[in-house]
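Everything below concerns the one structure shown next.
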Amino acid sequence: MAWDYSEKVKQHYLHPKNVGVVENANAVGEIGSMVCGDALKLTLRITPETGVIEDAKFQTYGCGSAIASSSALTELIKGRTLDEALKITNQDLADFLDGLPEEKMHCSVMGREALQAAAANYRGEVFVHEEDDEFHTVCHCFSVNNVTIENAIRENHLTTVEQVTHYTKAGGACRNCVPEIEQILRRLAPEAAPADADATGDEPPPMSMFRRIKIIEETLENDIRPALHTDSGGLELLDVSEAEVVVRFLGRCGSCAQSGATLDFVRTRLEKALGRPVSVREVK
Amino acid sequence: MTAPLVYLDNNATTAVAPEVLEAMLPYLREAYGNPSSMHDFGGRLSKDLDAARGRLAALIGAHPDEIVFTSCGTESDNTALASALETHPTKRHLVTTAVEHPAIISQMNHLKKKGYEVTFVGVRPDGVCEPEAIRAALRPDTAVVSVMWANNETGVLMPIDEIAQVVKEHGALFHTDAVQAVGKEPIDLSRTPVDLLSLSGHKLHAPKGVGALYVRRGTPFRPYILGGHQENGRRGGTYAVPNIVALGAAAELAGRHMAEERARVTLLRDRLEAGLLERVPAVHRLGNPELRLFNTCTVSFEYIEGEAILLMLSEHGICASSGSACSSGSLEPSHVLRAMGLPFELCHASIRFSFSRYNTDADVDRVLEVTPGIIRELRRISPFTPPALLR
Ligand SMILES: Cc1ncc(COP(=O)(O)O)c(C=O)c1O
């Protein structure tokens, strides 16, 4: 399919700046692989006394926007100190290019990560070591780890799995890791709200378990069950906890191929009634 | 973009032939009636439909009453599977290949969710599905087998005669998605025992939005689009007269020029392919070199990615396509190339050039002129290129 690339993106993939390897480089960051479909090798020469990036070059394997993002990155960081450069977010990179299609934001994330890797290499550290105990691969298809996903969610205020896929590629192939991405999203949910959001973005007030159950039961009875009965189906409430609502579908709903969609329907109705996100689990 | 257009993406869609456009225009202008009407103004158009039906039937060795016009290849594919299952309600199993077009694969996955069992038969590294592999997948409760005649990404031709024979011996229905084959390959359904065959107008120089399903006489059938009595009750919906006339005209043209076109375009394709293999190092030709459409050349360039190649070709006015993940709109590279066992990195770098009767030697010259430079430039950018390749 054709992407809506900005003129600037086009210029940077047709005539990329700073292609190659810096001679006498003292910082090297490598990210991605040929299997994943994109990879970036960044080489820098940093003056130890000042910390200024004197020269930056890249080599990229990937699509047009991967090449453009790499080229933009080198342009942005040259002449800055490493500390300044590390403050550049993937959104800054995308902005410099007059925007990237959302599906291609992972290219800008890759640029940033290569820079972090290069910084770690310069300082003699291992990239992302600080989260060693927790650090693990979430998406095995594209080798995306939890730290990458969490950073992308925080920095770009992502709220859906689809967005996470656009920004990091995680969950884009076999989709086995989608539940874990959902978990991370839920965990970071309050953080993800834009900083300048007004009152509507506030956290919902706490709610007692009693009220929670009462509202759920009322919604099931008055709102959800009638809707499902028209489908000659039904729904049984099995359990309510802080973490989730457990239900079982009866009759036709139970055997229907659409039960995933039905579950979504139940969840949205409950969320509306409760004024907060809930997870609904189905027991067969 | 000022560069002249070099259109080598004819497996995606083709230009409407000028003759076809001429043939359909009167039906977009003055002859706008409904062939199902009682009055003569509309009713007389049914003879034009008959003529189109006859032309299309002639192209594939069918009887006119075996042709059901549809809106596209995808509808034909969906109709074929749905009808086969509905007419064999006790059979719960389907067989297809791992390299079908999404028009089949998506339907198969949907049927799986509805409780049917589907066997996706693999292909050889050269992209060919073996008749014996189909035989091994057949079960007593197999309702229908669907194997494409020619693959859209690689052009690989499946041994349809043999596969049809295998399926006939077993007794299941046999459907073939011949969207890429009709108009290019000689097809004679009076000899090949296919029960259902899908085709699409826009792949043979008719406009988008018209296709057909061939239904062999005697094959049980249930309509998929329910409505009026059009198409003998086999497909509801007011006849799309201009499109159907266009498909008839396109079929007639394709049949008339097939032999000479095949010879001429094969030469162009082969010259392009030989030129690329000669001028560019570390390039691979994909798919069986003999068993494939005469118009398709699919190659893969090591160490670089397909979308980047397409963008640069496009800057030079050259239209091609790629099986790379980035150009597919999903993150996964082509399921076809992966089913052939191609490593991911070669899938990412695949480029398909597909010709039509309107391509010329100048088109081939242009591609051969600019491609080596593009590949070299992208390899210069890539971190994986062995330095020896850049010397
Ligand atoms: C093999 C094959 N089958 C089916 C289709 C779908 O045809 P249509 O675009 O007419 O729906 C295509 C075209 O994209 C194709 O190449």
Side-chain angles (χ1 to χ4, degrees), chain A residues 1-3 5 9-10 13-21 28 30-43 57-68 70-71 101 103-104 106-107 114 139 141-142 144 165-166 168-175 255-260, chain B residues 1 9 12 109-116 300-316 319 321-335 337-338 342-350 373-374 376-387 390:
Chain A
M1 69 185 272
W3 303 106
Y5 285 136
V9 172
K10 257 183 157 176
Y13 68 66
L14 290 175
H15 311 288
K17 305 269 171 57
N18 311 311
V19 174
V21 178
V28 180
E30 283 178 275
I31 224 85
S33 78
M34 237 193 299
V35 174
C36 298
D38 40 28
L40 166 55
K41 179 174 177 181
L42 186 66
T43 51
K57 289 199 168 151
F58 79 91
Q59 289 180 308
T60 289
Y61 166 89
C63 56
S65 54
I67 294 172
S70 314
S71 169
E103 293 87 343
K104 296 287 192 172
H106 60 85
C107 297
C139 170
C141 299
F142 294 110
V144 187
T165 306
H166 291 334
T168 66
K169 295 174 89 166
C174 77
R175 304 189 58 76
S255 57
C256 173
Q258 297 297 324
S259 81
Chain B
M1 253 185 298
D9 202 9
N109 286 337
H110 178 69
L111 289 169
K112 254 166 66 177
K113 282 200 205 125
K114 293 209 332 203
Y116 289 93
S300 179
F301 301 94
E302 284 185 57
Y303 313 115
I304 53 180
E305 196 273 342
E307 188 209 275
I309 305 173
L310 290 186
L311 292 171
M312 296 216 170
L313 285 171
S314 175
E315 266 323 285
H316 289 93
C319 308
S321 65
S322 167
S324 92
C326 277
S327 45
S328 70
S330 81
L331 287 169
E332 279 188 281
S334 152
H335 68 286
L337 302 181
R338 278 187 305 144
L342 212 66
F344 264 62
E345 44 269 45
L346 285 187
C347 299
H348 286 308
S350 73
I374 289 173
R376 205 183 152 74
E377 170 62 6
L378 287 171
R379 284 185 176 160
R380 186 179 71 86
I381 299 174
S382 167
F384 301 119
T385 312
L390 296 175

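Letters A, B, ... mirror the listed sequences (proteins, then strands); counts begin at 1.
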Nearest heavy-atom contact between A:Lys41 and B:Pro383 is CB-CB, 4.1 Å
With chain B, the option among A:Leu40, A:Val21, A:Leu14 that has the most non-hydrogen atom pairs under 4.5 Å is A:Leu14
Most heavy-atom pairs under 4.5 Å with chain A, out of B:Ile309, B:Leu346, B:Ile381, belong to B:Ile381
inquiry  = Between B:Arg380 and A:Val19, does the side-chain contact (heavy atoms from CB on, under 4.5 Å) criterion hold? Intermediate values first, please.
reply    = CA-CA 8 Å; B:Arg380 186 179 71 86; A:Val19 174; 3.8 Å; yes
On a heavy-atom basis, the closest approach of B:Glu345 and A:Tyr61 is O-OH, 3.8 Å
Hits for ring pair (Phe, Tyr, Trp, His ring centres under 6.0 Å) against A:Tyr13, two or more places apart or cross-chain, chain-then-number order -> A:Tyr5
The interface call for A:Ser33 against chain B, heavy-atom contacts under 4.5 Å, is backbone
Distance col, row B:Glu307:CD vs A:Ile67:CD1, nearest 0.5 angstrom, shows 9.0 Å
Checked B:Ile374, B:Ile304, B:Thr385 vs chain A; the most non-hydrogen pairs under 4.5 Å come from B:Ile304
